[in-house]
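In listed order, ligands and their atoms are each counted from 1. Predicted, not measured: the structure shown is a model, and the values here were computed from it. Along the sequence shown, residues are numbered consecutively beginning with 1.
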Amino acid sequence: MIIRNTKDIIGTDRDIEDPKGQWVSRRLLLKCDGMGFSLHETIVYDGTETYLWYKHHLEAVYCISGEGEIEDLQSGTVHPIRGGTMYALNKHEKHKLRAKTDLQMICVFNPPITGNEVHTKEGYYSIDTES
Ligand code: 9YT
């Protein structure tokens, strides 16, 4: 059994600050934990707009608290995000995330993030090359 608290992750190599300062992500589960998915707590900072495209990953995001919106760049549809909202990027949709307040999100990635990825200019994590 694995037991972790985000408080114990802060300041470790599982605590990843976005280089652009738009979000912070605490990786509760990574590929090395062997679950077949990764589980992150991500805080998206208020007033930010983040372009994201997970070309190689499926991601589900559950918003615990905060106010914001997600724009599906394929369809142009904008969906509000608040506590209780879940969005799932089941078609690798390019999207923009706008935070009106800090958004506290729980993110699940399949395949799991290894922990070494960085967001590229195109907004996606590279495929895992370790396996
Ligand atoms: C909501 C979102 O995808 N933000 C970017 C960070 C990502 N969740 C991560 O690396 O944990």
Side-chain angles (χ1 to χ4, degrees):
M1 190 180 293
I2 303 168
I3 308 282
R4 290 193 180 113
N5 190 301
T6 47
K7 287 197 204 83
D8 304 324
I9 288 172
I10 293 168
T12 71
D13 59 3
R14 286 174 178 255
D15 180 13
I16 305 298
E17 276 280 349
D18 169 37
K20 291 186 189 159
Q22 294 179 314
W23 47 264
V24 62
S25 179
R26 294 164 187 139
R27 276 71 190 267
L28 287 152
L29 291 169
L30 287 169
K31 183 183 180 212
C32 61
D33 294 309
M35 296 292 291
F37 57 86
S38 59
L39 179 71
H40 318 180
E41 181 191 57
T42 299
I43 309 294
V44 183
Y45 296 128
D46 71 297
T48 60
E49 177 181 86
T50 308
Y51 167 69
L52 295 161
W53 179 31
Y54 295 115
K55 190 178 178 181
H56 306 293
H57 296 83
L58 299 171
E59 186 196 26
V61 178
Y62 177 76
C63 178
I64 296 174
S65 64
E67 292 276 339
E69 62 185 30
I70 182 169
E71 179 175 353
D72 178 339
L73 295 176
Q74 262 88 337
S75 67
T77 316
V78 177
H79 305 274
I81 297 175
R82 57 179 73 92
T85 306
M86 185 280 304
Y87 64 86
L89 302 165
N90 58 334
K91 297 196 174 123
H92 305 276
E93 293 93 336
K94 295 179 180 180
H95 60 286
K96 276 187 179 169
L97 198 55
R98 299 186 190 96
K100 295 177 188 166
T101 67
D102 281 1
L103 291 169
Q104 185 184 14
M105 320 272 251
I106 298 298
C107 311
V108 177
F109 281 84
N110 170 24
I113 297 297
T114 66
N116 301 319
E117 296 85 353
V118 287
H119 276 272
T120 66
K121 280 202 301 286
E122 288 81 16
Y124 62 84
Y125 289 140
S126 309
I127 193 77
D128 173 17
T129 50
E130 287 172 17
S131 53

Using 4.0 Å as the upper bound for N to carboxylate O, is an ion pair formed by Arg14 and Asp33? yes
I'd like the atom pairs linking ligand 1 to the protein - N or O on both sides, separation under 3.5 Å - with distances to 0.1 Å.
from     : atom 1 : to     : atom 2 : distance (Å)
ligand 1 : 3 (O)  : Tyr54  : OH     : 2.9
ligand 1 : 3 (O)  : Glu59  : OE2    : 3.1
ligand 1 : 8 (N)  : Thr42  : OG1    : 3.2
ligand 1 : 10 (O) : Arg27  : NH2    : 2.7
ligand 1 : 10 (O) : Tyr125 : OH     : 2.4
ligand 1 : 11 (O) : Ser25  : OG     : 2.6
ligand 1 : 11 (O) : His40  : ND1    : 2.7
ligand 1 : 11 (O) : Thr42  : OG1    : 3.2

Under 3.5 Å, side chain of Asp15 to main-chain N/O of Thr12, donor-acceptor pair present? no
Separation of Asp102 CG from Thr48 OG1 (nearest 0.5 Å): 8.5 Å
Parallel, tilted or perpendicular, judged at 30° and 60°: which one describes the rings of Tyr54 and Phe109? perpendicular
How about His79 and Thr77: does a side-chain donor come under 3.5 Å of a side-chain acceptor?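 Judged by distance alone, the side chains do not pair up.
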Can you tell me which residue pairs pass the side-chain hydrogen bond (donor to acceptor under 3.5 Å, both in side chains) test with a partner in residues 80-89, sequence neighbours excluded?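 Residue pairs passing side-chain hydrogen bond (donor to acceptor under 3.5 Å, both in side chains), neighbours aside: none found.
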